[in-house]
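Data block below; observations after.
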Amino acid sequence: MTKLNQIIAVEKGVKSKSLQDITAAHHKVQKPALLAGISRTYQPKDEEGEQLPPESARVQIKAEEALREMSASLTRLFDVTATKDWANCSARADVTVDGRTVVSDVPVSYLLFLEKQLTDLHTFVKKLPVLDASESWSLDPSTDLWKTDPVRTIRTKKVPRNHVKAEATDKHPAQVDVYYEDVPIGYWTTVKFSGALPARRVNELLERVEKLQHAVKFAREEANGAEVTDRRVGDAVFGYLFG
């Protein structure tokens, strides 16, 4: 018996050949000169007239032959595609992760859908924001956010100070330098909040997505190993169209 994965393996080649054959047939019948032929002979009016050789041009393409050739190529495509699509309706498999069946009796078409969606989900999860590892975070139940422990810092203010380099004399004024001194005037207590995720959580989610991806691929391969019944649709279609 033929298996579904064997039909899928040949489908691309059959499609490619059919496209080439259809294109070639289309180009053939679009060239009027190749479909036209002629045969003519010349007879002078009297015996002394000029003798000319006969002329002929052979018909190189017959439209009916082009139809038969195209039908033969498309019949194969129609049969292969029908066999695959009919089989896809019955080919199913369970998606199992670590011995647990996540989804049961899944058709091939839905397994293909799952593969695409899980690829997108993997990209999304991989780019989730992660908490800053340089901070110590804890979950705050009241806000459902991650927060740091309070950190107290001093707030200072620059206050000008004078430094007398030389006292004033009766001949010179005092020489004074002005400098600024940071003087504590209060305290900041800071708590940081974040809606990001711990790296551990992101890694766990990634692992789950990847496990499910592997399970879906395995299930698809299992479903594609199902035996199929060859379908003969092309003869019926083209028998009606061109018969």
Side-chain angles (χ1 to χ4, degrees), residues 1-44 50-93 95 103 105-123 213-243:
M1 291 288 289
T2 305
K3 295 186 181 295
L4 179 55
N5 52 18
Q6 294 173 317
I7 294 295
I8 293 172
V10 302
E11 182 187 26
K12 186 176 180 180
V14 172
K15 278 185 177 179
S16 177
K17 185 179 184 304
S18 296
L19 179 59
Q20 292 174 4
D21 292 344
I22 294 169
T23 302
H26 176 73
H27 288 162
K28 282 181 181 179
V29 298
Q30 296 302 312
K31 297 177 180 178
L34 298 180
L35 286 93
I38 192 171
S39 176
R40 64 177 184 170
T41 58
Y42 181 76
Q43 183 179 1
E50 182 181 7
Q51 297 291 329
L52 296 176
E55 295 179 357
S56 66
R58 185 172 59 86
V59 173
Q60 300 179 54
I61 293 175
K62 297 178 183 178
E64 282 293 346
E65 284 186 0
L67 285 175
R68 284 194 294 271
E69 291 172 0
M70 186 178 68
S71 298
S73 179
L74 283 177
T75 294
R76 175 62 174 154
L77 173 64
F78 279 37
D79 290 348
V80 167
T81 304
T83 299
K84 183 198 71 172
D85 288 347
W86 258 267
N88 278 340
C89 294
S90 58
R92 298 167 181 267
V95 178
V103 192
D105 205 26
V106 187
V108 172
S109 57
Y110 195 76
L111 290 170
L112 290 169
F113 165 79
L114 277 178
E115 278 193 65
K116 171 65 171 62
Q117 296 302 312
L118 288 171
T119 298
D120 294 341
L121 277 172
H122 188 275
T123 300
Q213 281 181 303
H214 294 320
V216 169
K217 288 180 181 178
F218 182 84
R220 178 170 57 80
E221 290 300 320
E222 184 180 357
N224 284 341
E227 294 180 346
V228 299
T229 301
D230 290 334
R231 302 286 172 174
R232 295 289 182 260
V233 176
D235 286 341
V237 172
F238 291 103
Y240 167 75
L241 288 175
F242 302 141

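The basis for the numbers below is simple: all heavy atoms, side chains too, and nothing from hydrogens, waters or symmetry mates.
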Considering all heavy atoms of both residues, which atom of N88 and which atom of P107 are nearest to each other, and what is their separation?
-> O-CB, 4.3 Å
K31 side, atom NZ; H26 side, atom NE2 - distance, nearest 0.5 Å = 11.0 Å
Beyond-backbone contact of E11 with Q6, side-chain heavy atoms, under 4.5 angstrom | no
Supply the atom-to-atom distance L35 CG to K62 NZ, rounded to the nearest 0.5 angstrom.
-> 11.0 Å
Is Q30 atom CD crowded by more than 12 heavy atoms from other residues, nucleotides or ligands, each under 6.0 Å away?
-> yes
State, with a plain yes or no, whether a side-chain heavy atom of L74 is found less than 4.5 Å away from one of F238.
-> yes
T2 side chain reached by T83 side chain, heavy atoms, under 4.5 Å = no
Less than 4.5 Å apart, any side-chain heavy atom of D230 and any of D79?
-> no
Min side-chain heavy-atom separation I8-K84 under 4.5 Å = yes
Please round to the nearest 0.5 Å and tell me the distance separating atom CZ of R68 and atom OG1 of T75.
-> 13.0 Å
About how many Å separate OG1 of T81 and NZ of K15, when rounded to the nearest 0.5 Å?
-> 6.0 Å
Between S71 and F242, which heavy-atom pair has the shortest distance, and what is it?
-> OG-CD1, 3.0 Å
Do the side chains of V14 and S18 get nearer than 4.5 Å, heavy atoms only?
-> yes
Give the minimum heavy-atom separation between G37 and V59, together with the two atoms involved.
-> N-CG2, 3.5 Å
Check: E115 and Q213 side chains under 4.5 Å, non-hydrogen atoms | no
Ion pair present between K28 and E69, side-chain N to carboxylate O less than 4.0 angstrom?
-> yes
Donor-acceptor contact below 3.5 Å, side chain T23 vs main chain L19 | yes
Could you tell me which non-hydrogen atom of S73 sits nearest to which non-hydrogen atom of K17, and how far apart they are?
-> OG-O, 4.1 Å
On a heavy-atom basis, the closest approach of V108 and A223 is CG2-CB, 3.5 Å
CG of N5 to CD of E221: how many Å apart, nearest 0.5 Å?
-> 7.0 Å
Identify the heavy atoms of A219 and A93 that sit nearest to each other, and give their distance.
-> O-CB, 3.3 Å
Would you say T123 and D120 make side-chain contact, with heavy atoms under 4.5 Å?
-> no
